[in-house]
Amino acid sequence: MAFVLGAAIGSFLNVCIYRLPLDLSVNKPKRSFCPSCKHQIPWHQNIPLVSWLTLRGRCANCGAKIAFRYFGVELLTALLFLCVWRTFPPLLAVAYWVFVSLVIVATFIDFEHFIIPDQITIGGTVAGIVASLAVPELMDVDSRLAAVIRSVLAAALGYLVLWIVLEAGKVAFGRKRVRLDVPTPFLWKRKEDEADFTVGEEHSLWSEYFARENDRLLLYCNEATIDHRSLGEVTLEFYYNRVRVGEQEFALDALDQIAGVVRELQIPREAMGRGDLKFLAAIGAFLGWRAVLFSIFAGSVVGSVVGLVTLIIGKRVWSAKLPFGPYLAFGALTWMFFGQAFIGWYLALLTPR
């Protein structure tokens, strides 16, 4: 029962993973649809796990490939629901089912879009507090009031700890200087309310570089052109909505494109996104303060290993980002299943024999 329920919930989680980052409603249209042809999928072609296998990962209407992620999320959710049900008492299991669902959605959205929507983070924090009221055992107490207080304090701790890391990281590592191997063409091109920014073969959205109003991006150019006005060798000082050249300043909304050849960049960066702060608050609301600290530790270790491996094998470029949410999720799930065993192991290390 738990496995089948998990697979069905996983099917809905796929809807959330696809629609939430695109600001689409998760219940309109009510039926799932093919991402390619938008054809709504009838129920008999939308049976969790089974349909993806029988259709061989393709849309029955247009034949477009359906990503393995849809099958993977259903299977992962089913397996986690089963493990939770076999590990915890029924009331705790139901609360953890909700938590697992939130964690899965956050993980896959963060991997693909480098964001964690407020519906998951803030909604998850509220859900954790309500769950602690309904099931005080989540906070290892019998009193509902004490459970709610612990849940709120753990959520606040999660947010505060990562906020300190975020602000300290901005001071220490808030600017990254990139010296290119050879002078490289670049192009800034306005696109409605956004802009595309290209350096060589690397493409990104302009807004991805600016998390704060005072963030600044510098381009040290061998030559540059602003709307066909040649500037020669110059340093372009960009803010999100304007560019400064010496004492001149241009509003980016009034420009169509800026092009040239750049030899060096200085880009603003953050230690992490603010969605991670709110996500850790949700983890604390469900699992308590010890899970907050463990998730930070385990997530940092795993994330560092992954980052180093991708650098060593050459899979990352200067503009690449690593999502932190999935590694926080790994730490939270590890704590949920093995937290007590970890405490026992750690205390045994501290106890002299």
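Treat the numbers as computed from the prediction; the structure is a model and nothing was measured.
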Taking ring-ring contact (aromatic ring centres under 6.0 Å, His included) as the criterion, tell me which of Tyr96, Phe99, Trp97 meets it with Phe88.
Tyr96
Would you say the ring centers of Trp206 and Phe210 fall short of 6.0 Å from each other?
yes
Any chance the rings of Trp188 and Phe197 have centres within less than 6.0 Å?
no
Do [X] and [Y] have side chains that approach each other closer than 4.5 Å (heavy atoms only, starting at C-beta)?
X	Y	answer
Leu138	Ser151	no
Leu180	Glu264	no
Ile9	Leu5	yes
Leu252	Tyr239	no
Pro268	Leu217	yes
Lys170	Asp215	yes
Phe186	Ile258	yes
Pro136	Asp142	no

Closer than 4.0 angstrom, basic N to acidic O: yes or no for [X] and [Y]?
X	Y	result
Arg274	Asp118	no
Glu233	Arg263	yes
Arg212	Glu167	yes

Could you tell me whether [X] atom [atom1] has more than 12 heavy atoms of other residues or ligands within 6.0 Å of it?
X	atom1	value
Arg229	CZ	no
Asp193	CG	no
Asp181	CG	no
Lys28	NZ	no

What's the separation between atom [atom1] in [X] and atom [atom2] in [Y], rounded to the nearest 0.5 Å?
X	Y	atom1	atom2	value
Leu277	Leu162	CG	CG	5.0 Å
Leu157	Leu293	CG	CG	5.5 Å
Thr121	Phe279	OG1	CZ	9.0 Å
Met1	Phe81	CE	CZ	10.0 Å
Arg150	Ser143	CZ	OG	9.5 Å
Glu237	Gln266	CD	CD	9.5 Å

Do Tyr327 and Ser300 have a side chain donor and acceptor closer than 3.5 Å?
no
Would you call the rings of Trp335 and Phe294 parallel, tilted or perpendicular if under 30° counts as parallel and over 60° as perpendicular?
tilted
Which pair of non-hydrogen atoms, one from [X] and one from [Y], has the smallest distance, and what is that distance?
X	Y	result
Arg58	Gly63	NH1-O, 3.1 Å
Thr77	Gly6	CG2-O, 3.2 Å
Ile109	Cys16	CD1-O, 4.0 Å
Arg269	Phe173	NE-O, 2.7 Å
Phe330	Thr334	O-OG1, 2.7 Å
Leu187	Ala259	CD1-CB, 3.9 Å

Quick one: which of Arg190, Lys189, His228 gives a side chain to side chain donor-acceptor pair (under 3.5 Å) with Asp256?
Arg190
Indicate yes or no for a side-chain donor-acceptor contact from [X] to the backbone of [Y] under 3.5 Å, with no hydrogens or angles considered.
X	Y	result
Arg19	Ser25	yes
Ser204	Thr198	no
Asp110	Ile115	yes
Trp52	Ile66	yes
Thr87	Trp85	no
Asp227	Gln257	yes

Test of understanding: clusters of I, L, V, M, F, W, Y form through side-chain heavy atoms closer than 4.5 Å, transitively. Do [X] and [Y] belong to the same one?
X	Y	value
Val165	Val301	no
Val306	Leu328	yes
Phe33	Leu20	no
Val152	Tyr159	no
Met272	Ile122	no

Arg216 vs Ile267, side chain to side chain contact (heavy atoms under 4.5 Å, CB included): CA-CA, chis, key distance, verdict
CA-CA 7 Å; Arg216 185 180 65 160; Ile267 59 176; over 6 Å; no
Evaluate Val292 against Leu280 for side chain to side chain contact (heavy atoms under 4.5 Å, CB included), listing each step before the verdict.
CA-CA 7 Å; Val292 165; Leu280 190 60; 3.9 Å; yes
Applying side chain to side chain contact (heavy atoms under 4.5 Å, CB included) to Met336 and Val100, what does each step give before you reach the verdict?
CA-CA 10 Å; Met336 189 179 78; Val100 163; 3.8 Å; yes
What do the steps show when you test Asn61 against Cys34 for side chain to side chain contact (heavy atoms under 4.5 Å, CB included), and what is the final call?
CA-CA 8 Å; Asn61 183 63; Cys34 170; over 6 Å; no
Give the table of side-chain donor-acceptor pairs shorter than 3.5 Å for residues 39-50, with sequence neighbours excluded, one pair per line with atom names and distance.
none

Report the residues that fulfil side chain to side chain donor-acceptor pair (under 3.5 Å) with Arg175, sequence neighbours left out, ordered by chain and then residue number.
none
